[in-house]
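First up is the structure itself, then whatever we jot down about it.
We count ligands from 1, going down the list as the structure has it; atoms in each ligand are counted the same way.
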Amino acid sequence: MTLGFLGSGAITEAIVTGLSTPGGPCHPIRLSPRNAAVAAGLAARFENVSVCPTNQAVVDVCDTIVLAVRPQVTPKVLSELHFAPTHTVISLVAGFSAVRIAGLVAPASAISRAIPLPSVAQRRSPIAVYPPKSAAAGLFAPLGQVFGIETEAHLNALSTATSTMAAYFGFMGHIASWVAGKGIPEPQARQYIALLFSGLASTGLEESGQSPADLAVAHSTPGGLNEQLLRHLTEHGVFDTLNDALEAVHRRASGMQPLPATSAKSE
Ligand SMILES: NC(=O)c1ccc[n+]([C@@H]2O[C@H](COP(=O)([O-])OP(=O)(O)OC[C@H]3O[C@@H](n4cnc5c(N)ncnc54)[C@H](OP(=O)(O)O)[C@@H]3O)[C@@H](O)[C@H]2O)c1
């Protein structure tokens with residue numbers, strides 16, 4: 001397999017790193033020229049990676065193409081390219097159904113979708129793929145735990161769940177800053193909070209047979225500080241707001257709502 005990437009941004013950098021560092025499958029990989037700095041950096045780091053002069057050159061020399069451009073530019077980027085019936089296409093583009101992608105890459109018809117996360121670089125990402133036994137499942141198997149998803153509606157729900165990553169760091173950062181505001185050096189506060197959450201994440205994984213609600217009870221002394229904070233957040237509508245936000249993101253992740261033009265990068 002010769003693997004091509006259209007779009008050399010953050011997620012391409014993470015995937016190529018996971019595939020190409022020692023122990024990975026080290027496929028021959030061809031990158032599109034944008035972003036030039038990311039593409040050049042990956043080609044300099046890994047012998048199996050090189051940069052093509054144009055997007056079409058990537059398509060011409062690769063049998064498997066990963067679509068990793070932003071949703072806002074995807075129709076224009078693909079409208080300028082010529083695919084062959086033999087191409088396999090794996091789309092990472094949020095909010096674009098497999099049928100919509102098929103219409104943009106015809107006559108290629110082997111289309112699958114995947115949601116890799118930045119931790120593919122360390123090969124410890126959950127990766128949702130649709131359909132379950134597709135090229136996407138094979139490509140991402142070495143990069144973490146593949147979840148084969150039966151319907152695009154379910155894939156879109158998981159895509160929505162991945163929108164919580166930045167908020168997670170926002171939550172951590174807010175707590176660390178609050179602690180630092182009480183006089184503790186910020187680096188020490190950050191490390192303390194990072195370890196606190198790392199331990200909770202491990203518990204969540206090790207105790208995945210228990211519901212989060214049960215784990216919350218297990219981490220709350222009756223009448224104690226944890227119980228107080230959870231009750232305060234609940235009573236003040238924090239989780240209702242989270243639910244509203246998830247619903248709003250879900251409308252975009254499902255392609256039901258157009259993406260804001262302001263977040264599109266110029267080409
Ligand atoms: N980041 C994630 O965790 C993640 C996870 C799952 C799926 N995705 C999906 O993956 C896609 C890429 O996300 P990202 O976070 O990697 O975005 P990103 O960092 O903005 O990367 C997108 C890349 O596309 C390049 N590009 C723009 N116009 C192009 C063109 N005409 N031809 C070729 N490349 C072009 C951009 O280059 P310039 O910088 O020069 O503009 C940029 O390097 C999105 O559709 C996103 O929904 C991302």
Side-chain atoms of residues 167-179: list all donor-acceptor pairs with protein atoms under 3.5 Å, sequence neighbours left out, distances to 0.1 Å.
from, atom 1, to, atom 2, distance (Å)
Ser177, OG, Gly173, O, 3.0

From Thr162, Leu92, Val69, Val120 - option closest to atom 11 (C) of ligand 1 by heavy atom: Val69
Classify the contact between Ala68 and ligand 1 as side chain, backbone, both or neither, using a heavy-atom distance cut-off of under 4.0 Å. backbone
Determine, considering heavy atoms only, which of Ile11, Val66, Ile115 sits nearest to atom 1 (N) of ligand 1. Ile11
Who's closest to atom 6 (C) of ligand 1 heavy-atom-wise, of Ser32, Pro116, Gly9? Pro116
Please check if atom CG in Leu225 has more than 12 non-hydrogen atoms from other residues, nucleotides or ligands closer than 6.0 Å. no
I need the contact type for Asn55 against ligand 1. Using non-hydrogen atoms and a strict under-4.0 Å cut-off, is it side chain, backbone, both or neither? side chain
Pull out every atom of ligand 1 sitting under 4.0 Å from any heavy atom of Pro118, numbered as shown with elements. 3 (O)
Tell me whether the count of non-hydrogen atoms from other residues, nucleotides or ligands lying under 6.0 Å of OH in Tyr192 goes above 12. no
Short version for Pro71: what comes under 4.0 Å of ligand 1, heavy atoms counted, is both
Side chains of Arg113 and Asn156: donor-acceptor distance under 3.5 Å anywhere? yes
Pairs meeting criterion ring pair (Phe, Tyr, Trp, His ring centres under 6.0 Å) with involvement of residues 108-165, two or more places apart: none
Expected output: side-chain Ser163 to main-chain Thr160 donor-acceptor under 3.5 Å: yes
Can you name the atoms of ligand 1, numbered from 1 with element, that are less than 4.0 Å from a heavy atom of Val77? 30 (C), 31 (N)
